[in-house]
Each structure stands twice: as structure tokens, then as C-alpha cells.
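Each remark here refers to the structure printed beneath this line.
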Amino acid sequence: MFTEPERLALAGFLAGYTGLTREAYALDLRQYVSWCQQYHIRLFQARRTDIECFAWDMEAHGRARATITRRLCTIAGFYRYTVEEELLEHSPAAHVRRPRLDYESHATGLDRNELGALLVAAGLGHPAEHALIALLALNGLRVSEATGANIEALGVERGHRTLIITRKGRQGRYRWGRTRSATRSSPQPSMLASPCAMSKKPPRTPIRGRRSGTTVPAAASTGMPPI
């Protein structure tokens with residue numbers, strides 16, 4: 001399927017990333033490699049025209065512009081890595097054009113009344129559900145950040161409830177402060193026992209984060225998926 005230099009290049013490129021970023025890059029490269037194999041194109045023999053045809057094929061199959069752009073960026077990064085490692089003389093993706101993106105969000109979010117109704121409904125349910133909704137709605141956490149937090153990461157900083165979370169890109173950051181989620185729905189460990197709330201695995205060696213000029217500990221990542 002791959003020559004030895006191609007296999008080493010794929011493994012080496014992915015080894016430079018971790019977590020969700022690595023998973024996304026692996027998916028992008030898997031899609032590109034599958035397309036190359038379908039048209040009998042060797043990974044190290046691809047030309048700029050081949051990569052542009054891959055982009056046209058994605059567009060023909062209804063892929064979003066953001067998806068096409070991300071995959072082209074991944075491909076460009078991969079070939080740039082091969083040039084840096086002297087596996088190729090030049091990158092075939094260096095001058096590939098990418099779709100223009102509309103950075104204005106068209107997503108429909110909750111208004112103030114709808115958000116209030118959601119918090120009220122959550123407050124009538126299980127305390128863990130209320131705590132989760134409060135973290136998402138009032139503190140702006142991602143779902144993965146809230147559900148991936150540790151019970152042991154709950155603490156108190158200068159009289160305020162705190163929570164140490166793992167941010168996107170393996171960067172820890174203090175997030176839970178003087179908000180409604182901290183004062184009215186601060187969960188105890190027993191409240192966070194459901195599978196969708198908090199994991200039991202304690203954080204590893206802390207790094208440092210900041211909030212309002214005060215340095216506080218922040219959790220590091222909890223591991224790297226296999227290549």
C-alpha cells in the first residue's frame with residue numbers, strides 16, 4: 001500500500017500532534033490516501049493537479065467549504081513536512097488554492113429567555129444535569145471539556161468554586177469562577193457520578209493558567225492516542 005518513506009512520513013507527521021487535532025489530521029489524510037489509491041496515484045508522486053482534483057471531488061460530493069479547506073490545509077502541512085525532512089524536493093500542495101470561507105456564523109443560538117428556560121428545566125432534574133448545563137451555558141465550556149473534567153479537579157480559590165479542565169489542544173485553563181454555575185449549582189463529587197459528567201481519572205502534572213491577573217493551576221493532557 002505504502003512505500004517505506006511514505007509510511008514513515010505519515011507516522012512522523014501525525015506524531016507531531018496529539019488529541020483531537022491528531023484525530024482530525026488522521027481522518028483528513030485517510031480520506032486523501034483512499035482517494036489516491038482509488039485513482040492509482042502514489043502519495044509521493046501526486047501533483048498539484050491531483051490535489052486540486054481531490055478538492056473538486058469533495059465539492060462534487062457535497063462537502064462543506066470548511067471541510068474542504070481543512071483537508072487541503074492538512075495535505076499541505078503533510079507535504080511541507082516531507083520537504084522539511086528531505087523526503088521530497090518540493091511540495092505539490094504549495095500553490096493549491098483553497099475555497100474562500102464565510103467567517104460570519106449563521107448558527108442559531110438560544111436567546112436570553114430560551115437559555116433561562118433551559119436552566120430552569122435543568123434545575124428541576126438531576127443535580128449533575130443542572131451542573132453540566134450550567135457549565136455549558138454560563139461558562140462557555142465545550143461538551144468535551146465539561147464531560148472530560150475530573151472530580152478531583154474541583155477546588156476553591158479565594159472563596160470561589162474552581163474547576164480545572166483540559167482545553168482543546170491539551171492546554172489547561174482555569175474556567176469556573178464567580179458565576180451562577182459556581183454559586184448555585186456547585187456539584188459535589190456524588191453529584192458528578194454519572195458517566196456523562198466527570199471521569200474518575202485524576203489530572204496529571206499541572207501547568208499554569210491565568211484569570212484576572214491571578215495565576216492558578218491548570219490540568220495537563222491525560223495522554224496521546226496511538227498512531
Side-chain angles (χ1 to χ4, degrees), residues 1-110 136-137 140-148 165-173 175 196 220-227:
M1 182 183 297
F2 300 114
T3 64
E4 188 64 19
E6 290 173 346
R7 185 179 294 106
L8 291 175
L10 289 168
F13 174 74
L14 292 176
Y17 302 92
T18 57
L20 296 177
T21 301
R22 178 175 176 173
E23 294 177 10
Y25 284 178
L27 174 61
D28 294 338
L29 289 176
R30 191 158 52 244
Q31 295 286 337
Y32 173 62
V33 168
S34 297
W35 184 88
C36 288
Q37 292 174 349
Q38 180 182 352
Y39 291 96
H40 308 287
I41 301 172
R42 302 297 304 184
L43 200 57
F44 278 6
Q45 295 176 355
R47 300 169 300 176
R48 171 180 175 178
T49 304
D50 298 322
I51 300 174
E52 290 177 341
C53 286
F54 173 63
W56 296 335
D57 187 71
M58 286 191 291
E59 185 177 0
H61 283 81
R63 297 293 186 269
R65 286 188 174 185
T67 300
I68 297 173
T69 299
R70 190 196 73 234
R71 288 184 178 166
L72 291 178
C73 287
T74 301
I75 294 169
F78 167 71
Y79 281 116
R80 183 168 56 249
Y81 172 83
T82 63
V83 173
E84 293 171 351
E85 295 299 313
E86 299 182 351
L87 298 172
L88 289 178
E89 293 184 0
H90 67 278
S91 169
H95 302 290
V96 172
R97 295 183 180 181
R98 301 161 193 171
R100 290 187 178 182
L101 296 180
D102 182 6
Y103 291 99
E104 181 179 354
S105 175
H106 299 285
T108 303
L110 300 178
L136 299 176
L141 270 66
R142 297 180 176 90
V143 173
S144 61
E145 294 169 351
T147 59
I165 62 172
T166 300
R167 297 306 311 271
K168 182 178 180 181
R170 295 167 56 94
Q171 296 183 359
R173 188 176 180 183
R175 197 62 164 158
C196 68
S221 172
T222 57
M224 180 176 70
I227 295 176

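The structure displayed is predicted, hence computed values, not measured ones.
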Begin from the C-alpha positions of L87 and L8 and carry the test side-chain contact (heavy atoms from CB on, under 4.5 Å) through to its verdict. CA-CA 10 Å; L87 298 172; L8 291 175; 5.7 Å; no
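- The number of heavy-atom neighbours closer than 6.0 Å to CZ of R7, taken from other residues, nucleotides and ligands shown, is above 12.
- Considering all non-hydrogen atoms of both residues, A76 and R98 come closest at CB-NH2, 3.3 Å.
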Using the side-chain contact (heavy atoms from CB on, under 4.5 Å) rule, take Y32 and F78 through it: C-alpha gap first, then chi angles, then the decisive distance, then the call. CA-CA 11 Å; Y32 173 62; F78 167 71; 5.6 Å; no
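- Nearest heavy-atom pair, A93 versus I51, reported as atom, atom and distance to 0.1 Å: CB-CD1, 3.6 Å.
- Within the model, atoms CE of M58 and CD1 of I68 stand 5.0 Å from one another, a figure rounded to the nearest 0.5 Å.
- Looking at every heavy atom in both residues, Y79 comes nearest to L88 through CD2-CD1, 3.7 Å.
- The two residues A9 and F44 make their nearest non-hydrogen contact at CB-CZ, 3.7 Å.
- Rounded to the nearest 0.5 angstrom, R142 CZ and T147 OG1 are separated by 12.5 Å.
- E4 CD: more than 12 foreign heavy atoms inside a 6.0 Å radius.
- Across all their heavy atoms, L72 and P99 have their closest contact at CD1-CD, 4.1 Å.
- Distance check: W35 CH2 to I41 CD1 gives 4.0 Å after rounding to the nearest 0.5 Å.
- Counted within 6.0 Å of CD on E59, heavy atoms from surrounding residues, nucleotides or ligands total 12 or fewer; the atom is thus considered open.
- Counting only residues at least two apart or on different chains, the salt bridge (Lys or Arg N to Asp or Glu O under 4.0 Å) pairs with a member in residues 27-44 are E6-R42, D28-R70, D28-R71.
- Considering CD of E84 and CZ of F13, their distance stands at 10.0 Å, rounded to 0.5 Å.
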Could you go through the side-chain contact (heavy atoms from CB on, under 4.5 Å) check for V96 and I75 one step at a time? CA-CA 10 Å; V96 172; I75 294 169; over 6 Å; no
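- When the shell of 6.0 Å around CD of Q38 is examined, it contains more than 12 heavy atoms from other residues, nucleotides or ligands.
- Note that OG1 of T69 and CZ of R97 are 14.0 Å apart. Values are rounded to the nearest 0.5 Å.
- With values rounded to the nearest 0.5 angstrom, L27 atom CG is found 5.5 Å from Q31 atom CD.
- Scanning both residues, A46 and P92, for their nearest heavy atoms gives O-CB, 3.4 Å.
- Using modelled atom types, one side-chain atom of R65 and one backbone atom of R100 make a donor-acceptor pair closer than 3.5 Å.
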